[in-house]
Amino acid sequence: MLDGILDALAALPRAPTYFVLMVLSAVENVFPPVPADTAVALGAFLARRGHLSVVPLALLCWLANTGSAAAMYAFARTHGPTFFREGWGRKIMPPGVMASLEEAYGRWGTAGIFVSRFFPGVRAAVTPFAGVAGLGPVQTLLPAAVASAIWYALLAFLGYQVAENWDAVKVLVADTNRTLGIGAVLLTTVAAVWLWRRSRRREDG
């Protein structure tokens with residue numbers, strides 16, 4: 001299925017191709033399974049073959065991704081605290097867990113957001129939860145934007161460098177995401193254990 005989508009993308013004219021890649025980069029923050037990384041690498045692959053320009057490609061995808069991350073942050077900051085403090089949202093995240101989450105973002109927020117934005121799956125959650133925890137926009141969006149800029153620049157560079165072989169590009173992106181995915185599982189596990197222990201201590205206290 002993915003190969004069919006990417007083949008169809010490769011057959012589009014230049015302007016719609018930029019648009020589709022931007023949409024994929026943006027939607028990743030709403031629906032993480034979207035193959036934005038592979039799509040950006042494909043765009044760089046097409047740039048090497050003369051279908052696109054690699055610098056505008058990376059810049060446009062970065063702007064779309066950063067814009068959607070900012071939108072998710074703003075939505076979560078506006079509506080998240082009320083949702084998690086009332087009704088069944090309170091059951092999903094009890095007050096002790098919410099307090100521990102706010103503490104975690106207050107202590108490691110900027111650095112944690114920067115690092116987490118490199119991990120698939122996790123990267124979509126860090127900015128909305130920063131909004132829920134009440135972290136400021138500069139503390140949230142600046143590290144997220146810098147991390148995304150580095151990541152997309154790396155994807156564009158790798159896709160451009162190995163443009164002679166699209167299968168090699170896919171394997172490279174898949175291997176990278178697999179490694180980062182393992183890191184994401186470990187990071188999520190550590191964060192969940194820390195939140196659970198802190199919330200238990202608050203309850204016992």
Side-chain angles (χ1 to χ4, degrees), residues 1-80 110 113-132 135-161 163 166 169-170 172-174 176-177 180-181 184:
M1 180 179 177
L2 178 59
D3 286 341
I5 294 173
L6 297 179
D7 288 341
L9 182 60
L12 289 175
R14 177 173 295 197
T17 301
Y18 282 124
F19 177 75
V20 171
L21 292 172
M22 290 178 66
V23 170
L24 290 172
S25 298
V27 172
E28 180 191 27
N29 288 304
V30 182
F31 187 65
V34 169
D37 293 348
T38 306
V40 173
L42 171 66
F45 172 79
L46 295 176
R48 183 64 178 265
R49 298 170 67 109
H51 296 285
L52 302 174
S53 297
V54 69
V55 174
L57 163 76
L59 180 61
L60 290 171
C61 289
W62 171 73
L63 288 173
N65 184 267
T66 301
S68 68
M72 294 300 295
Y73 163 80
F75 180 84
R77 181 170 177 140
T78 302
H79 302 285
T110 300
I113 290 169
F114 177 81
V115 172
S116 299
R117 288 290 291 177
F118 291 98
F119 294 101
V122 175
R123 68 170 68 112
V126 289
T127 51
F129 276 106
V132 173
L135 202 66
V138 174
Q139 294 171 290
T140 302
L141 299 179
L142 182 59
V146 172
S148 293
I150 295 172
W151 181 237
Y152 279 139
L154 178 61
L155 286 173
F157 173 78
L158 293 176
Y160 194 80
Q161 290 300 312
W166 170 236
V169 177
K170 290 192 294 184
L172 182 61
V173 173
T176 301
N177 275 332
L180 292 175

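Heavy atoms only: backbone and side chains are in, while hydrogens, waters and symmetry mates are out.
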query: Can you name the closest pair of heavy atoms from Val40 and Leu21 and give their distance?
result: N-CD2, 4.3 Å
task: Describe, in one word, how the ring planes of Phe114 and Phe118 are oriented to each other, choosing from parallel (under 30°), tilted (30 to 60°) and perpendicular (over 60°).
output: perpendicular
Donor-acceptor contact present, side-chain Trp62 to main-chain Ser25, <3.5 Å: no
field: Closest heavy-atom pair and its distance - Thr110, Gln139
entry: OG1-O, 3.5 Å
Which atom of Arg123 lies closest to which atom of Glu28, heavy atoms considered: NH1-OE2, 2.6 Å
Ser116 versus Val126, closest heavy-atom pair with distance: CB-CG1, 3.3 Å
- prompt: Shortest non-hydrogen contact from Ala145 to Thr66?
  reply: CB-CG2, 3.8 Å
task: Look up atom CG in Leu141 and atom CD1 in Ile113, then write down how far apart they are to the nearest 0.5 Å.
output: 8.0 Å
- prompt: How far does CE of Met22 sit from CG of Leu60, to the nearest 0.5 angstrom?
  reply: 5.0 Å
- prompt: Where do Tyr73 and Thr127 come nearest, in terms of heavy atoms and distance?
  reply: CD1-O, 3.4 Å
query: If only atom types and distance count, is the side chain of Arg77 paired as donor or acceptor with the main-chain N or O of Gly131 below 3.5 Å?
result: no
Nearest-0.5 Å distance, CG of residue Leu59 to OH of residue Tyr18: 10.5 Å
- request: With the side chain counted from C-beta on, respond yes when Val132 and Pro128 share a heavy-atom pair under 4.5 Å apart, and no when they do not.
  value: no
query: Asn29 side chain to Asn65 main-chain N or O, any donor-acceptor pair under 3.5 Å?
result: yes
